[in-house]
Trainee: 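Take this structure, written in structure tokens, and hold onto it; I'll ask about it next.
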Amino acid sequence: HFVQDAFASFLAPFLPLLISKFGLSMLLAGFLTIAFRLPSLLSPLFGYISDFVDSRLMVIITPATTAIAMSLLGVAPSYAALCMLLMFAGISSTVFHTIGPVMVASVSGSNLGRGMSFWMTGSELSRTIAPVVAVSVVSMLGFEGIYPVMAVGIFASLLLYINLKGL
């Protein structure tokens with residue numbers, strides 16, 4: 001949950017850079033957040049779909065897909081591409097947050113409170129740390145050079161695959 005929400009938290013510190021890069025008005029900049037959050041309206045649909053497919057796979061791929069989309073914001077060639085990347089990341093984040101708590105509950109057994117507290121702590125820590133990490137990476141690599149950080153999300157998906165394949 002930490003890695004998933006860390007990449008989702010990149011949008012806020014990147015907004016000034018995106019505004020500058022694309023010469024966005026406040027209206028268009030505000031729509032970027034809408035593009036990222038709009039897919040959350042599809043949560044019931046993703047919950048329904050998870051009843052018919054292997055939900056483990058859905059949870060496993062989401063940190064990587066969110067990381068890839070958010071890490072490519074710096075190299076997006078146009079505003080339309082930016083919106084598409086954010087919608088893709090939003091869909092990925094929505095899938096993770098729709099199915100993830102159910103999986104946590106199933107693996108927590110009689111320690112549901114402990115399992116959910118780890119789930120929530122990962123999320124809250126990421127929202128605290130991720131903006132600092134995002135700004136640090138931009139200062140070191142430049143906004144167009146941030147894409148290598150997607151490796152963290154890909155690695156998180158690999159760890160999920162290893163740890164969830166037996167469930």
Side-chain angles (χ1 to χ4, degrees), residues 1-18 29-51 53-74 82-83 85-138 146-165 167:
H1 200 189
F2 178 88
V3 172
Q4 172 68 35
D5 283 1
F7 281 97
S9 299
F10 279 13
L11 180 57
F14 287 172
L15 270 177
L17 300 168
L18 294 168
F31 185 75
L32 294 175
T33 301
I34 293 171
F36 180 71
R37 296 290 178 205
L38 194 61
S40 67
L41 295 174
L42 300 174
S43 289
L45 175 65
F46 294 131
Y48 179 75
I49 291 170
S50 73
D51 289 337
V53 299
D54 187 358
S55 58
R56 289 175 304 150
L57 294 177
M58 294 171 75
V59 168
I60 288 168
I61 64 169
T62 54
T65 54
T66 302
I68 291 167
M70 296 304 284
S71 297
L72 291 175
L73 293 179
L82 198 59
C83 289
L85 285 169
L86 287 168
M87 288 190 81
F88 187 69
I91 290 168
S92 178
S93 184
T94 299
V95 168
F96 184 82
H97 287 95
T98 301
I99 301 167
V102 176
M103 292 189 74
V104 169
S106 69
V107 299
S108 295
S110 63
N111 296 315
L112 178 60
R114 179 178 291 164
M116 290 308 293
S117 67
F118 283 129
W119 171 264
M120 291 306 299
T121 300
S123 175
E124 296 306 320
L125 280 175
S126 72
R127 291 173 214 209
T128 303
I129 296 169
V132 175
V133 170
V135 171
S136 299
V137 170
V138 168
I146 61 166
Y147 60 87
V149 299
M150 73 175 70
V152 175
I154 294 167
F155 181 70
S157 286
L158 179 64
L159 286 177
L160 282 173
Y161 174 75
I162 291 166
N163 289 310
L164 296 177
K165 69 179 177 181
L167 293 179

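Residue numbers run from 1 in the order of the sequence given.
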Trainee: Heavy-atom count around Arg127 CZ within 6.0 Å, excluding the residue itself: above 12?
Mentor: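 Yes, CZ of Arg127 has more than 12 neighbouring heavy atoms, counting only those of other groups under 6.0 Å.
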Trainee: Provide the closest heavy-atom pair for Ile99 versus Ser55 in the form atom of the first, atom of the second, distance.
Mentor: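 Taking Ile99 first and Ser55 second, the nearest heavy atoms are CG2-CB, 3.6 Å.
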Trainee: Could you state the interatomic distance from CD (Gln4) to OG1 (Thr65), rounded to the nearest 0.5 Å?
Mentor: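 Answer rounded to 0.5 Å: 7.0 Å.
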Trainee: To the nearest 0.5 Å, what is the distance between CG on Leu32 and CZ on Phe14?
Mentor: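 Between Leu32 CG and Phe14 CZ, I get 13.0 Å after rounding to 0.5 Å.
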Trainee: Do the side chain of Ser50 and the main chain of Gly47 share a donor and acceptor less than 3.5 angstrom apart?
Mentor: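 It does hold such a pair.
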Trainee: To the nearest 0.5 Å, what is the distance between CG on Asp5 and CH2 on Trp119?
Mentor: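 With rounding to 0.5 Å, CG (Asp5) is 7.5 Å from CH2 (Trp119).
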Trainee: Please report the interatomic distance CZ(Phe46) to CG(Asp51), rounded to the nearest 0.5 Å.
Mentor: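 It comes to 14.0 Å.
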Trainee: For Ile68 and Ile154: C-alpha separation, side-chain torsions, deciding distance, then whether side-chain contact (heavy atoms from CB on, under 4.5 Å) applies.
Mentor: CA-CA 8 Å; Ile68 291 167; Ile154 294 167; 4.3 Å; yes
Trainee: Using a 6.0 Å cut-off, check whether atom CZ of Phe88 has over 12 heavy atoms from anything other than its own residue.
Mentor: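 Not more than 12 within 6.0 Å, no.
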Trainee: Please name the pair of heavy atoms, one in Val135 and one in Pro13, separated by the smallest distance, quoted to 0.1 Å.
Mentor: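 For Val135 and Pro13, the tightest heavy-atom pair comes out as CG2-CB, 4.0 Å.
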Trainee: Do Arg114 and Ser108 touch side chain to side chain, with heavy atoms closer than 4.5 Å?
Mentor: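 Answer no - side chains too far apart.
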Trainee: Starting at CD1 of Ile61, measure out to CZ of Arg56 and round the result to the nearest 0.5 Å.
Mentor: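 If I round to the nearest 0.5 Å, the distance is 13.0 Å.
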Trainee: A quick test of your reading: do over 12 heavy atoms of other residues, nucleotides or ligands sit less than 6.0 Å from CZ of Phe118?
Mentor: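 Counting other residues, nucleotides and ligands, CZ of Phe118 stays at 12 neighbours or fewer.
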Trainee: Closest heavy-atom contact between Leu73 and Leu18?
Mentor: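 Where Leu73 meets Leu18 most closely, the heavy atoms are O-CD2, 4.0 Å.
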Trainee: Looking at every non-hydrogen atom in both residues, tell me the closest pair between Pro16 and Ala12 and how far apart they are.
Mentor: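 Distance-wise, the nearest heavy atoms are CD-O, 3.6 Å.
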Trainee: Using the side chain to side chain contact (heavy atoms under 4.5 Å, CB included) rule, pick out the option among Leu57, Asp54, Ile60, Leu159 that qualifies with Leu164.
Mentor: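 Between Leu164 and the candidates, side chain to side chain contact (heavy atoms under 4.5 Å, CB included) is satisfied uniquely by Ile60.
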Trainee: Please give me the minimum heavy-atom distance between Ser126 and Ser123, naming the atom from each residue.
Mentor: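 For Ser126 and Ser123, the tightest heavy-atom pair comes out as OG-O, 2.6 Å.
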Trainee: CD1/Ile91 to CG/Leu38 distance, rounded to the nearest 0.5 angstrom?
Mentor: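 These two atoms lie 9.0 Å from each other.
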Trainee: Is the closest side-chain donor-acceptor distance between Thr66 and Ser92 under 3.5 Å?
Mentor: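 Side chains of Thr66 and Ser92: pair found under 3.5 Å.
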Trainee: Take Val95 and Leu42 through the test side-chain contact (heavy atoms from CB on, under 4.5 Å) and record every step on the way to the result.
Mentor: CA-CA 9 Å; Val95 168; Leu42 300 174; over 6 Å; no
Trainee: Is there a side-chain contact between Phe7 and Val149 in this structure, where contact means two heavy atoms from C-beta onward sitting under 4.5 Å apart?
Mentor: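 Contact flag for Phe7/Val149 side chains = yes.
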Trainee: So, for Ala156 and Pro63, which heavy atoms are closest and what is the spacing to 0.1 Å?
Mentor: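 Shortest heavy-atom separation between Ala156 and Pro63 comes out as CB-CB, 4.2 Å.
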Trainee: Before giving the answer on ring-ring contact (aromatic ring centres under 6.0 Å, His included), spell out for Phe96 and His1 the whole-Å C-alpha distance, their side-chain angles and the decisive distance to 0.1 Å.
Mentor: CA-CA 9 Å; Phe96 184 82; His1 200 189; 5.6 Å; yes
